[in-house]
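Scope of the values below: all heavy atoms of this structure, side chains included, with no hydrogens, waters or symmetry mates.
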Amino acid sequence: MSESSTRTVLEAVDLDGRPTGPPGPLSGLLVADFSRVLAGPFATQIMADLGATVIKVEAPSGDETRGWAPPERDGVSTYYLGINRNKRDVVLDFGDEEDRELAQELARRADIVIENFKPGGLRKFGLDYDSVSRTNPAVLYASISGFGSAGGASLPGYDLVVQAASGLMSLTGDPEGQAYRSGVSVFDIMTGMQATIGVLAALNHRNATGLGQHIEVNLLSTALAAMANHSSTYVAGGRIPFRMGNAHPSLFPYEPLPASDGEIVIVAANDAQFGKLASALGVPALADDARFRTTEDRNHHRDELRPLLVEALSTRTIADWFDILTDAGVACGPINTIDGGVALAERLGLDPVVHVGEGDAAIPMIRNAISFSLTPPRYVSPAPALGADNDEIRAWLNTPEDSNE
């Protein structure tokens with residue numbers, strides 16, 4: 001987009017007068033967000049935090065996460081609130097000719113398009129990559145799906161299904177118990193991150209060449225890549241990993257162990273760390289024991305080592321050991337609930353909670369995870385109401401760009 005047309009976008013979308021704050025690293029970029037639920041909205045929230053102008057396009061029925069409650073805040077699902085801040089919102093019915101043309105015009109003006117329809121699902125509306133790139137050849141068009149655009153194109157892409165089909169659930173849970181899903185939609189979140197990485201990489205390429213391109217990410221490919229060492233165990237080692245509860249297949253200790261009042265996670269990922277652990281626990285001789293001298297030794301003799309560590313840990317509380325082991329340079333941590341995790345981040349000076357919006361309308365949210373020395377993330381507005389910016393965005397899309405330059 002030209003500098004003049006970028007100013008037009010910003011002026012048109014910000015007609016309500018809300019402050020935009022300092023420019024972010026993605027300021028000047030326009031994102032047409034045709035996604036819903038989690039992976040796409042998570043990606044576009046990252047872009048919005050970093051300064052991009054994100055226009056969230058919703059069907060008249062709205063993003064279904066608006067109704068995923070409880071929990072809720074002031075009648076709005078906290079699920080929806082958590083992944084849609086800093087965005088503008090317009091309702092467009094692709095089945096309506098006028099609305100469809102406005103959506104096509106938005107895609108024509110956008111730097112970035114994000115969508116998570118089933119592969120090919122936007123073709124009938126003239127909003128697929130081939131259609132959009134004919135009028136906007138520099139567009140960076142990111143498609144998110146569950147199983148890709150080839151043989152899995154027709155499969156619905158829910159995180160739980162991918163956790164099951166990818167093998168993750170086979171790795172989660174007690175060895176003799178049932179398979180469990182992760183408590184978080186990990187592959188939706190990771191796929192949203194992969195989409196963001198893909199867009200930013202393509203943006204760098206476009207800055208060098210002027211060329212746009214189609215970026216595709218899917219939950220299954222993300223899952224296989226994200227399982228990293230476990231995937232490698234199979235494809236490079238010819239072995240199929242299995243459930244080990246909280247244990248690690250290659251390291252010990254790397255799991256929760258009982259103190260006097262509950263369990264604390266302890267990590268000794270190399271020989272030096274194990275030496276520090278043994279000393280801090282008051283059993284330094286363990287580090288020189290031939291059974292436990294190396295990582296491989298400890299792995300093979302974990303059933304002999306565990307009761308010795310448990311005996312030493314039984315003399316103090318979780319809080320005591322957290323301070324003692326941390327001072328000794330041993331990685332450890334209590335098993336907190338979410339409130340404890342937030343409290344720990346506050347204690348460590350990470351300022352995890354930001355208030356987005358103004359006055360009574362401000363909503364507490366978790367801070368963007370990225371810090372910048374010059375262009376920090378912005379927290380301008382909470383997740384928008386359905387169609388919150390209908391009038392402004394429709395007026396802008398109906399105004400020829402030339403008339404504003």
For this session: Would you check, one step at a time, whether the test salt bridge (Lys or Arg N to Asp or Glu O under 4.0 Å) holds for Asp271 with Arg298?
Result: CA-CA 9 Å; Asp271 300 339; Arg298 292 188 294 277; 2.9 Å; yes

For this session: Show your working on salt bridge (Lys or Arg N to Asp or Glu O under 4.0 Å) between Arg378 and Asp49 and close with a plain yes or no.
Result: CA-CA 5 Å; Arg378 61 179 188 160; Asp49 286 352; over 6 Å; no

State, yes or no, whether a side-chain contact exists between [X] and [Y] at a heavy-atom distance under 4.5 Å.
{"X": "Leu168", "Y": "Met227", "result": "yes"}
{"X": "Val267", "Y": "Pro253", "result": "no"}
{"X": "Ser77", "Y": "Arg66", "result": "no"}
{"X": "Asp111", "Y": "Val31", "result": "no"}
{"X": "Arg239", "Y": "Thr233", "result": "yes"}
{"X": "Arg85", "Y": "Asn368", "result": "yes"}
{"X": "Glu346", "Y": "Pro352", "result": "yes"}
{"X": "Leu38", "Y": "Tyr79", "result": "yes"}

Problem set entry | side chain to side chain donor-acceptor pair (under 3.5 Å) between Thr317 and Asp320, intermediate numbers included | CA-CA 5 Å; Thr317 65; Asp320 289 339; 3.1 Å; yes

Measuring from [X]:[atom1] to [Y]:[atom2], what's the distance to the nearest 0.5 Å?
{"X": "Asp128", "Y": "Arg134", "atom1": "CG", "atom2": "CZ", "answer": "7.0 Å"}
{"X": "Lys124", "Y": "Phe117", "atom1": "NZ", "atom2": "CZ", "answer": "9.0 Å"}
{"X": "Leu313", "Y": "Leu257", "atom1": "CG", "atom2": "CG", "answer": "6.0 Å"}
{"X": "Lys56", "Y": "Leu92", "atom1": "NZ", "atom2": "CG", "answer": "12.5 Å"}
{"X": "Ile215", "Y": "Tyr129", "atom1": "CD1", "atom2": "OH", "answer": "8.5 Å"}
{"X": "Met47", "Y": "Leu203", "atom1": "CE", "atom2": "CG", "answer": "9.5 Å"}

Problem set entry | Candidate pair Leu286 and Leu308, rule side-chain contact (heavy atoms from CB on, under 4.5 Å), full reasoning | CA-CA 9 Å; Leu286 290 181; Leu308 301 177; 3.7 Å; yes

Return the minimal non-hydrogen interatomic distance between [X] and [Y], and the atom names on each side.
{"X": "Gly212", "Y": "Leu140", "result": "CA-CD2, 3.9 Å"}
{"X": "Val356", "Y": "Tyr379", "result": "CG2-CB, 3.9 Å"}
{"X": "Asn84", "Y": "Pro41", "result": "OD1-CB, 3.7 Å"}
{"X": "Arg109", "Y": "Thr399", "result": "NH2-O, 2.8 Å"}
{"X": "Phe242", "Y": "Leu171", "result": "N-CD2, 3.9 Å"}
{"X": "Ile114", "Y": "Gly40", "result": "CG2-CA, 4.3 Å"}

[X] side chain vs [Y] backbone, donor-acceptor pair below 3.5 Å:
{"X": "Ser231", "Y": "Leu224", "answer": "yes"}
{"X": "Asp63", "Y": "Thr65", "answer": "yes"}
{"X": "Tyr80", "Y": "Pro384", "answer": "yes"}
{"X": "Asn136", "Y": "Arg108", "answer": "yes"}
{"X": "His301", "Y": "Glu304", "answer": "no"}
{"X": "Glu58", "Y": "Val91", "answer": "no"}
{"X": "Asn299", "Y": "Pro249", "answer": "yes"}
{"X": "Glu296", "Y": "Ser250", "answer": "no"}
{"X": "Arg181", "Y": "Ala164", "answer": "no"}
{"X": "Arg100", "Y": "Phe94", "answer": "yes"}

Heavy-atom count check: over 12 atoms from other residues, nucleotides or ligands less than 6.0 Å from [X] [atom1]?
{"X": "Arg123", "atom1": "CZ", "value": "no"}
{"X": "Tyr234", "atom1": "OH", "value": "no"}
{"X": "Tyr158", "atom1": "OH", "value": "no"}
{"X": "Leu348", "atom1": "CG", "value": "yes"}

Using only heavy-atom distances, determine whether the side chains of [X] and [Y] contain a donor-acceptor pair under 3.5 Å.
{"X": "Thr326", "Y": "Asp323", "value": "no"}
{"X": "Gln163", "Y": "Asp159", "value": "yes"}
{"X": "Thr191", "Y": "Asp188", "value": "no"}
{"X": "Glu115", "Y": "Ser143", "value": "yes"}
{"X": "Ser145", "Y": "Glu216", "value": "no"}
{"X": "Thr44", "Y": "Asp33", "value": "yes"}
{"X": "Asn218", "Y": "Ser221", "value": "yes"}

Exercise. Does the side-chain contact (heavy atoms from CB on, under 4.5 Å) test come out yes or no for Lys87 and Ile55, once each step is laid out?
Worked result: CA-CA 6 Å; Lys87 301 176 186 180; Ile55 297 179; over 6 Å; no

Exercise. Could you go step by step and tell me if Arg291 and Asp303 meet the salt bridge (Lys or Arg N to Asp or Glu O under 4.0 Å) rule?
Worked result: CA-CA 11 Å; Arg291 297 171 297 172; Asp303 289 341; over 6 Å; no

Exercise. Can Asp391 and Arg394 be said to form a salt bridge (Lys or Arg N to Asp or Glu O under 4.0 Å), step by step?
Worked result: CA-CA 5 Å; Asp391 293 342; Arg394 285 174 176 273; over 6 Å; no

For this session: Start with the C-alpha gap between Ser133 and Tyr141, add the side-chain angles, then the distance that decides, and say whether side-chain contact (heavy atoms from CB on, under 4.5 Å) holds.
Result: CA-CA 8 Å; Ser133 63; Tyr141 189 110; over 6 Å; no

Problem set entry | Arg88 with Glu392: basic N within carboxylate O range, under 4.0 Å | no

Exercise. side-chain contact (heavy atoms from CB on, under 4.5 Å) between Asn398 and Leu102: does it pass, once the steps are laid out?
Worked result: CA-CA 8 Å; Asn398 277 307; Leu102 290 179; 3.6 Å; yes

